[in-house]
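Worth knowing before you read on, the calculation uses all heavy atoms, side chains too, and leaves out hydrogens, waters and symmetry mates. If you're wondering where the values come from, they're calculated on a predicted model, not measured in any experiment.
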Amino acid sequence: MTNTGLILKAFRDIAASKSLEPDEVNELIRDAIHAGLARIYGINVDTEITIDDMSGDIEMLVLKRVVETVQDPSAEVSVEEARWDDPTYEVGDVMEIPVEFSEFGRNAVMAAKQRIVQLVREGERQRIREEYSDRVGELLSGEVQQIERGKLVLMLNRSRDAEAIIPWKEQNPRERFRQGESIRAVLKRVEETPKGPRLVFSRADPLFVAALFRLEVPEIYQGIVEIKELTREVGGRTKIAVHSRDDSIDPVGACVGLKGSRVQAVVSELGGERIDIVPWHPDPEIFARRALAPARVAKVISDPRRQVITAIVDEDQLSLAIGRNGQNVRLASQLIGWQIDLYGSREWLERGSDMSVFVEDEEDSYETADFPLTELSLDRATLGALGAAGYRSFLDIIDLDRGDFLAVEGITEEAVDQLLELIDDLTVVDSDAARGGDAPLGAKGGPG
């Protein structure tokens, strides 16, 4: 193989290592050789480079315009000098000067190599931009490559050279990952940095929950069921409102899946985060009732001008409607996009308001359902301990956590595990709720 063939092979090895097409490789080599010739002849040099794929030979020509007086030696040659080579040259002609590869010195070769590396890197960056700029919101997988001051650096399965990170604020504080572990996250944005595009992923954004539902629920992926609203407090609770474009398909049931299989797959990926699935409704009052589930709402009054919903609940529903540290009413307000002012019945009456608001409308019937704890598969000792503490129905315990149960005298660790498992099994909306049946939104209803 000739010297040019060896150098050509070396250039091709650099470019082909990035899985480029042969035409792309040749174009990169021409650009690189041009950069090398510019190092010899000057920045404005005009070249014509031909590559013989069969022999590996490279023909290089430097093109110079014939002029009376040379002002740019890199692009021009005097008519007097041109006629030394051929007396027929006239001003305005283009002189072709062959360049032997022996003239292509070490500095020019290095310039060509650097140019190839630069062009390959720029090509990679552009491909990453083109591939991922339209994929924001998609769920992608990879591996934790390293952990830097809380930031997870990822190596994506599809683009292993792409710079991909999950910043600390985009992580679930309840999760811990180690180097080498597989990970899934949603692409939140593509940032431009001096080193090129950076892919920023998230496991804390509501987009992550939406992407998981698209993966687990074919009806969402196909566009039949639509996620209308979604709000989340990472590591705690998510509320999601869904709507079906097909009246024959129950949107909530589609998201829950057979025996809760679909929603449980999402919950598992989220590390046990609670999920309330409610059917979306265009009427803010109806939507507010559903959003406040699993609490029973006695009455709602809307103020469209101020976009405020006043919700009144019975005293035994007040703590459930508020949720731990105000989480339930806060997420419900975010879900509907209106402020929710919540009142217990006692406070509402003390304000001098009318008692008649506690007469439920027909459309509210699907919101209310409860059942005694005796219907659950609990032993007598556990039922007795809960009863002594004032807990007699499912909605009495639905928002309690492990610490609350352990504080009840007579409750064992084994009983607490059983109670938490029962609550997890029963606190997902089912299709009856979506159609206006007896089960409360946010709960499946009785165990039977």
Side-chain angles (χ1 to χ4, degrees), residues 125 128-129 131-216 220 227-241 263 265-277 291 322-337 339-340 401 403:
R125 292 171 176 174
I128 290 170
R129 290 186 191 96
E131 180 176 356
Y132 291 99
S133 59
D134 295 329
R135 300 185 68 183
V136 172
E138 280 193 33
L139 190 68
L140 298 171
S141 58
E143 178 183 296
V144 178
Q145 194 172 29
Q146 62 187 82
I147 303 171
E148 298 177 351
R149 299 184 298 279
K151 174 181 68 178
L152 300 181
V153 180
L154 310 183
M155 181 167 60
L156 301 182
N157 292 341
R158 291 177 57 93
S159 303
R160 303 180 77 83
D161 293 329
E163 183 184 359
I165 63 167
I166 304 181
W168 169 252
K169 66 179 180 180
E170 297 297 342
Q171 299 173 37
N172 185 338
R174 294 173 58 180
E175 296 177 332
R176 290 293 181 270
F177 288 93
R178 296 181 180 178
Q179 186 175 356
E181 278 192 88
S182 297
I183 191 170
R184 292 193 295 184
V186 67
L187 179 59
K188 186 168 183 178
R189 63 183 180 273
V190 180
E191 291 181 343
E192 282 298 330
T193 74
K195 295 182 179 180
R198 174 191 292 148
L199 308 180
V200 179
F201 287 85
S202 177
R203 286 179 62 89
D205 197 277
L207 284 172
F208 182 51
V209 180
L212 289 172
F213 271 105
R214 276 197 300 274
L215 179 68
E216 298 293 341
I220 293 179
I227 298 175
K228 298 290 285 188
E229 302 291 344
L230 192 154
T231 186
R232 180 187 187 199
E233 291 190 359
V234 61
R237 194 171 196 156
T238 288
K239 282 184 182 284
I240 179 173
V263 72
V266 176
V267 170
S268 177
E269 182 70 31
L270 298 178
E273 189 171 308
R274 293 277 295 277
I275 298 179
D276 297 334
I277 309 173
I322 295 172
R324 182 168 297 278
N325 298 320
Q327 186 183 67
N328 192 61
V329 67
R330 183 167 59 249
L331 287 175
S333 177
Q334 293 170 7
L335 193 71
I336 69 174
Q339 177 182 325
I340 296 179
D401 60 20

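Ile128 is not listed as a side-chain neighbour of Val190, based on a closest heavy-atom distance of 4.5 Å or more. When side chains are defined from C-beta on, Leu335 does not count as touching Asp276, because their heavy atoms never get closer than 4.5 Å.
In this structure Arg198 satisfies the salt bridge (Lys or Arg N to Asp or Glu O under 4.0 Å) test together with Glu163, Glu191, sequence neighbours excluded. Judged as a salt bridge (Lys or Arg N to Asp or Glu O under 4.0 Å), and not counting sequence neighbours, Lys169 has no contacts.
Screening residues 323-336 for salt bridge (Lys or Arg N to Asp or Glu O under 4.0 Å), with sequence neighbours left out, gives Glu233-Arg330, Arg324-Asp401, Arg324-Asp404.
The main-chain N or O of Gly271 is never found under 3.5 Å from a side-chain atom of Glu175 such that the two would form a donor-acceptor pair. Although no hydrogens or angles enter the test, the distance criterion places no donor-acceptor pair under 3.5 Å between the side chain of Ser159 and the main chain of Ala162. The backbone N or O of Pro197 sits nowhere less than 3.5 Å from a side-chain atom of Arg125 that would complete a donor-acceptor pair. In terms of modelled atom types and a separation under 3.5 Å, the side chain of Glu143 and the main chain of Ser182 share no donor-acceptor contact. Under a 3.5 Å cut-off, the side chain of Lys151 and the backbone N or O of Ile165 do not form any donor-acceptor pair.
Ion pairing between a basic and an acidic side chain is recognised when a charged N comes within 4.0 Å of a carboxylate O; Glu273 and Arg174 show no such pairing. The residues Arg178 and Glu181 are annotated as not salt-bridged, no charged nitrogen and carboxylate oxygen being separated by less than 4.0 angstrom. The existence of a salt bridge linking Arg203 and Glu269 is confirmed by a sub-4.0 Å separation between a basic side-chain nitrogen and an acidic carboxylate oxygen.
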